[in-house]
Amino acid sequence: LIAFKRILNDDLNLINSYNPLESDTYNKPDHVIDVSGHILGLALSPDHRYLYCNIRSWPPGTRITDPLTPPPIAREAELRCYDVCTFHQVGIPLYGHIGHRSTDECFYIHPSVSQQLLSSGSDSGIGVIFHRRYQCLLGKIFHDSVINCVAFNPINEQLLVSVSDDYTIKIWRSRSYYQSLDATCYKNLSQ
């Protein structure tokens with residue numbers, strides 16, 4: 001489940017005046033989305049309009065009766081997008097990152113969102129980069145173990161950082177960005 005609660009500036013002033021945990025105003029969400037699966041990670045788009053969720057789904061029709069005994073989850077992770085204004089899913093889920101762990105354990109796999117791109121790691125050590133608008137796979141990044149987190153540079157989306165359980169942090173550059181750096185280096189060396 002993903003729960004949403006809007007807190008306005010006036011509400012923040014009230015928080016200081018009494019214990020918000022005693023109030024239903026703060027304890028009950030305004031809206032809930034049932035994603036029918038295990039949430040691995042979340043990322044908000046730069047304009048704060050879309051919430052991207054890495055999810056390993058449960059079998060259709062699953063009902064949770066005991067939170068301590070979760071149902072089996074899908075092997076393949078989905079990257080879903082939700083509009084936080086309408087609370088509806090947008091587009092189709094994106095696939096390409098695999099979860100290899102059993103149904104009773106999974107890693108947190110945090111996606112990253114830039115203006116045009118979307119990226120996620122995976123249990124398999126293969127990360128993916130998608131185009132947000134066209135929802136197509138643009139490329140893959142590789143580690144020797146689980147890629148837990150990826151992050152686009154907030155100023156230049158052609159730079160991506162990935163962090164893995166293989167004890168490495170890698171910085172990835174697009175070909176066009178790399179070529180522009182290469183040209184700049186040679187130009188500076190010739191002067």
Side-chain angles (χ1 to χ4, degrees), residues 1-3 35-48 50-58 67-82 91-186 188-189:
L1 299 176
I2 301 173
V35 298
S36 298
H38 183 92
I39 298 172
L40 306 175
L42 303 169
L44 199 56
S45 64
D47 63 1
H48 298 192
Y50 300 101
L51 180 66
Y52 290 85
C53 308
N54 266 332
I55 298 167
R56 285 179 66 185
S57 295
W58 296 320
L68 299 177
T69 55
I73 55 177
R75 183 171 175 259
E76 191 169 41
E78 302 173 31
L79 192 49
R80 297 185 200 164
C81 177
Y82 294 94
I92 58 170
L94 300 173
Y95 298 92
H97 45 308
I98 305 286
H100 288 293
R101 302 294 175 237
S102 67
T103 62
D104 59 351
E105 66 176 28
C106 33
F107 289 95
Y108 290 106
I109 308 291
H110 299 283
S112 182
V113 187
S114 68
Q115 290 296 331
Q116 297 181 50
L117 305 174
L118 175 62
S119 184
S120 178
S122 76
D123 286 7
S124 66
I126 301 171
V128 290
I129 302 168
F130 295 100
H131 193 281
R132 282 180 59 193
R133 180 175 178 197
Y134 299 112
Q135 296 188 317
C136 62
L137 181 66
L138 297 177
K140 294 182 178 183
I141 58 175
F142 300 91
H143 278 270
D144 293 331
S145 188
V146 176
I147 302 174
N148 302 101
C149 190
V150 291
F152 285 105
N153 179 317
I155 297 169
N156 183 349
E157 67 184 354
Q158 294 188 54
L159 292 172
L160 178 73
V161 176
S162 58
V163 179
S164 172
D165 280 1
D166 65 8
Y167 306 106
T168 62
I169 298 171
K170 293 185 178 182
I171 299 172
W172 305 88
R173 297 178 279 202
S174 71
R175 278 193 192 109
S176 63
Y177 184 70
Y178 184 76
Q179 289 168 349
S180 73
L181 285 178
D182 202 30
T184 304
C185 287
Y186 288 128
N188 290 340
L189 288 174

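Small disclaimer: the values here were computed from a predicted structure and weren't measured. What's counted below: heavy atoms across the whole structure, side chains too, no hydrogens, waters or symmetry copies.
For Trp172, the side-chain hydrogen bond (donor to acceptor under 3.5 Å, both in side chains) criterion is met by Ser162, not counting sequence neighbours. Under the side-chain hydrogen bond (donor to acceptor under 3.5 Å, both in side chains) criterion, Ser57 pairs with Glu78, Arg80, sequence neighbours left out. When the side-chain hydrogen bond (donor to acceptor under 3.5 Å, both in side chains) test is applied to Ser174, the partners found at least two apart in sequence or on another chain are Gln158, Ser176. For Ile169, the side-chain contact (heavy atoms from CB on, under 4.5 Å) partners two or more places apart in sequence, or in a different chain, are Val161, Val163. With sequence neighbours excluded, the residues that form a side-chain hydrogen bond (donor to acceptor under 3.5 Å, both in side chains) with Arg132 are Tyr52.
When all heavy atoms of Tyr177 and Leu159 are compared, the pair lying nearest together is CE2-CD2, 3.5 Å. Between Tyr95 and Phe130 the shortest heavy-atom distance is O-CZ, 3.2 Å. When every heavy atom of Ser112 is checked against every heavy atom of Ala151, the shortest pair comes out as OG-CA, 3.4 Å. For the residue pair Ile147 and Val150, the shortest heavy atom distance occurs at CG2-CG1, 4.0 Å.
Gln135 CD to Leu79 CG: the interatomic distance, rounded to the nearest 0.5 Å, is 9.5 Å. For the atom pair Leu44 CG and Cys53 SG, the distance stands at 10.0 Å (nearest 0.5 Å). Atoms CD1 and OH, from Ile2 and Tyr82 in turn, are 5.5 Å apart once rounded to the nearest 0.5 Å. Distance check, rounded to the nearest 0.5 Å: CD1 of Ile129 to CG of Leu137 gives 8.5 Å. Here Ile73 contributes atom CD1 and Ile55 contributes atom CD1; the two are 11.5 Å apart, rounded to the nearest 0.5 Å. To the nearest 0.5 angstrom, Phe152 atom CZ is 4.5 Å from Ser114 atom OG.
A donor-acceptor pair is defined here as one N or O able to donate and one able to accept, closer than 3.5 Å; such a pair exists between the side chain of Asn54 and the backbone of Ile109. Glu157 places a side-chain N or O within donor-acceptor distance of the main-chain N or O of Gln116, the cut-off being under 3.5 Å. Remark: side-chain polar atoms of Ser120 are not paired, donor with acceptor, to backbone N or O of Pro111 under 3.5 angstrom. A donor-acceptor contact shorter than 3.5 Å links the side chain of Ser119 to the backbone of Val128. Under a 3.5 Å cut-off, the side chain of Ser122 and the backbone N or O of Gly127 do not form any donor-acceptor pair. With hydrogens and angles ignored, the 3.5 Å screen pairs a side-chain donor or acceptor of Ser164 with a backbone N or O of Val146.
A heavy-atom distance below 4.5 Å is found between the side chains of Pro46 and Val113. Within the 4.5 Å cutoff, side-chain heavy atoms of Leu118 are placed close to those of Leu94. Looking at Leu138 and Leu117, their side chains come closer than 4.5 Å, going by heavy atoms from C-beta outward.
Each ring-ring contact (aromatic ring centres under 6.0 Å, His included) pair with one or both residues in residues 131-150, not counting sequence neighbours, appears once here: His131-Tyr134.
By the 4.0 Å N-to-carboxylate-O rule, Asp123 lies close enough to Arg56 to be salt-bridged with it.
More than 12 heavy-atom neighbours from other residues, nucleotides or ligands sit within 6.0 angstrom of CG on Asp166.
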Step-by-step side chain to side chain contact (heavy atoms under 4.5 Å, CB included) determination, Leu160 to Ile141 = CA-CA 10 Å; Leu160 178 73; Ile141 58 175; 4.0 Å; yes

